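Worksheet for the structure shown next.
Bear in mind the structure is a predicted one, so any value in this text is a computation, not a measurement.
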Amino acid sequence: MKRILIDADKCDGCKNCSIACMNAHRTGGGDSVYTLDLNDPANESRNFIRLDGEGHYKPIFCRHCDVPMCAGSCMSGALQKDLKTGLVTYDGDRCGSCYMCVMNCPYGVPKPDRVSRTKVIKCDFCKDKGGEPSCVKACPKKAIWVEEV
């Protein structure tokens, strides 16, 4: 199974990964980041960078856990572990917006969308794009990469 791995010491907080994610999942016309509608909740980044109390950047990505607590706590079945790919998948049409996944993820990955608060935002490994996830391609410091685990 492939996972995105992180070396937080290499991250300089540039957010290229987050911008690439937003652009890869964008709705609406165009393909340039300059025309990206940041008010559209569908364009929200599925990864994010936090600044810790000591001034260090911490990239946050879904780890697609072997035993995902987010999926185990999802009462509607919107989050499930795909046994073939090993990815934790999200079906927004089934989501009841209870946010049990948000509360139970030990890594703080799933989050409510910031506009409508009706969907959960979570990395999907760019499943519809094929190949390497957009965030990984965009990282100039190689602080994130994909590896078979």
Side-chain angles (χ1 to χ4, degrees), residues 1-72 74 78-95 99 101-102 104-149:
M1 167 175 53
K2 292 183 178 182
R3 288 201 176 137
I4 295 174
L5 300 179
I6 302 164
D7 183 349
D9 292 334
K10 290 183 180 178
C11 181
D12 66 1
C14 72
K15 298 193 179 184
N16 282 359
C17 58
S18 296
I19 293 166
C21 179
M22 292 179 342
N23 204 39
H25 293 89
R26 74 182 301 140
T27 59
D31 60 0
S32 169
V33 294
Y34 301 108
T35 60
L36 186 62
D37 180 1
L38 299 178
N39 292 316
D40 185 339
N43 296 340
E44 194 166 345
S45 177
R46 280 121 175 98
N47 61 59
F48 44 103
I49 309 297
R50 295 223 193 274
L51 189 59
D52 71 11
E54 297 175 8
H56 300 108
Y57 293 103
K58 302 293 181 194
I60 309 292
F61 290 82
C62 182
R63 296 174 187 231
H64 298 280
C65 301
D66 290 331
V67 180
M69 296 188 65
C70 61
C74 180
L79 282 169
Q80 295 185 9
K81 177 89 172 182
D82 183 323
L83 298 178
K84 270 198 273 185
T85 64
L87 299 177
V88 177
T89 61
Y90 172 69
D91 180 352
D93 293 334
R94 294 182 71 176
C95 183
Y99 304 126
C101 58
V102 174
N104 283 290
C105 175
Y107 303 105
V109 173
K111 61 182 179 174
D113 74 80
R114 64 181 164 75
V115 177
S116 69
R117 302 272 188 217
T118 60
K119 301 281 184 204
V120 170
I121 302 295
K122 190 197 87 50
C123 171
D124 64 0
F125 218 80
C126 291
K127 67 179 174 91
D128 296 331
K129 305 295 178 194
E132 190 174 44
S134 300
C135 58
V136 172
K137 288 184 214 176
C139 182
K141 300 285 187 170
K142 305 297 181 210
I144 54 174
W145 66 96
V146 173
E147 192 170 294
E148 192 74 33
V149 293

Per the ring-ring contact (aromatic ring centres under 6.0 Å, His included) rule, what does the pair list look like for residues 9-52, sequence neighbours excluded? none

Within a strict 4.5 Å, meaning less than it, do heavy atoms of the Ile4 and Phe125 side chains meet? yes

When the side chains of residues 116-123 are checked against the rest of the protein, which donor-acceptor pairs come out under 3.5 Å, sequence neighbours left out?
from   : atom 1 : to     : atom 2 : distance (Å)
Ser116 : OG     : Asp113 : OD1    : 3.0
Ser116 : OG     : Asp113 : OD2    : 3.0
Ser116 : OG     : Thr118 : N      : 3.4
Ser116 : OG     : Thr118 : OG1    : 2.8
Arg117 : NH1    : Asp113 : O      : 3.4
Lys119 : NZ     : Gly92  : O      : 2.9
Lys122 : NZ     : Val88  : O      : 2.9

N/O donor to acceptor pairs below 3.5 angstrom from side-chain atoms of residues 139-149, sequence neighbours left out:
from   : atom 1 : to     : atom 2 : distance (Å)
Trp145 : NE1    : Glu147 : OE1    : 3.0
Glu148 : OE2    : Met1   : N      : 2.4

Tell me every residue that passes side-chain contact (heavy atoms from CB on, under 4.5 Å) with Ala78, counting only those two or more places apart in sequence or in another chain. Cys74, Ser76, Tyr90, Arg94, Cys95

Please identify each residue that fulfils salt bridge (charged side-chain N to carboxylate O under 4.0 Å, His left out) with Asp9, with sequence neighbours left out. none

Student check: side-chain heavy atoms of Cys17 and Phe61 closer than 4.5 Å: yes

So side chain to side chain donor-acceptor pair (under 3.5 Å) across residues 52-62, not counting sequence neighbours, yields none

Heavy-atom pair of closest approach, residues Pro59 and Ala8: CD-CB, 3.9 Å

Acceptor/donor pairs from residues 79-87 side chains to any protein atom, 3.5 angstrom cut, sequence neighbours excluded:
from  : atom 1 : to    : atom 2 : distance (Å)
Gln80 : NE2    : Gly77 : O      : 3.0
Lys81 : NZ     : His64 : O      : 3.3
Lys81 : NZ     : Cys65 : O      : 2.5
Lys81 : NZ     : Gly86 : O      : 2.9
Asp82 : OD1    : Lys84 : N      : 2.8
Asp82 : OD1    : Thr85 : N      : 3.2
Thr85 : OG1    : Leu87 : N      : 3.2

Taking atom CG of Asp37 and atom CG of Asn43, what is their separation to the nearest 0.5 Å? 6.0 Å

List in chain and number order the residues that pass side-chain hydrogen bond (donor to acceptor under 3.5 Å, both in side chains) with Asn104, two or more places apart in sequence or in another chain; answer none if no residue qualifies. Ser73

Apply side-chain hydrogen bond (donor to acceptor under 3.5 Å, both in side chains) to Thr35 and list each qualifying residue two or more places apart in sequence or on a separate chain. Arg26

Partners passing side-chain contact (heavy atoms from CB on, under 4.5 Å) against Ser45 (at least two apart in sequence or in another chain): Ser18, Cys21, Met22, Asn47

Side-chain heavy-atom pair Val109, Ile60 within 4.5 angstrom cut-off: yes

So for atom NZ, which belongs to Lys15, do other residues, nucleotides or ligands contribute more than 12 heavy atoms lying within a distance under 6.0 Å? no

Are the side chain of Arg114 and the backbone N or O of Pro112 linked by a donor-acceptor pair below 3.5 Å? no

Please report the interatomic distance CD1(Ile49) to CG(Asp12), rounded to the nearest 0.5 Å. 9.0 Å

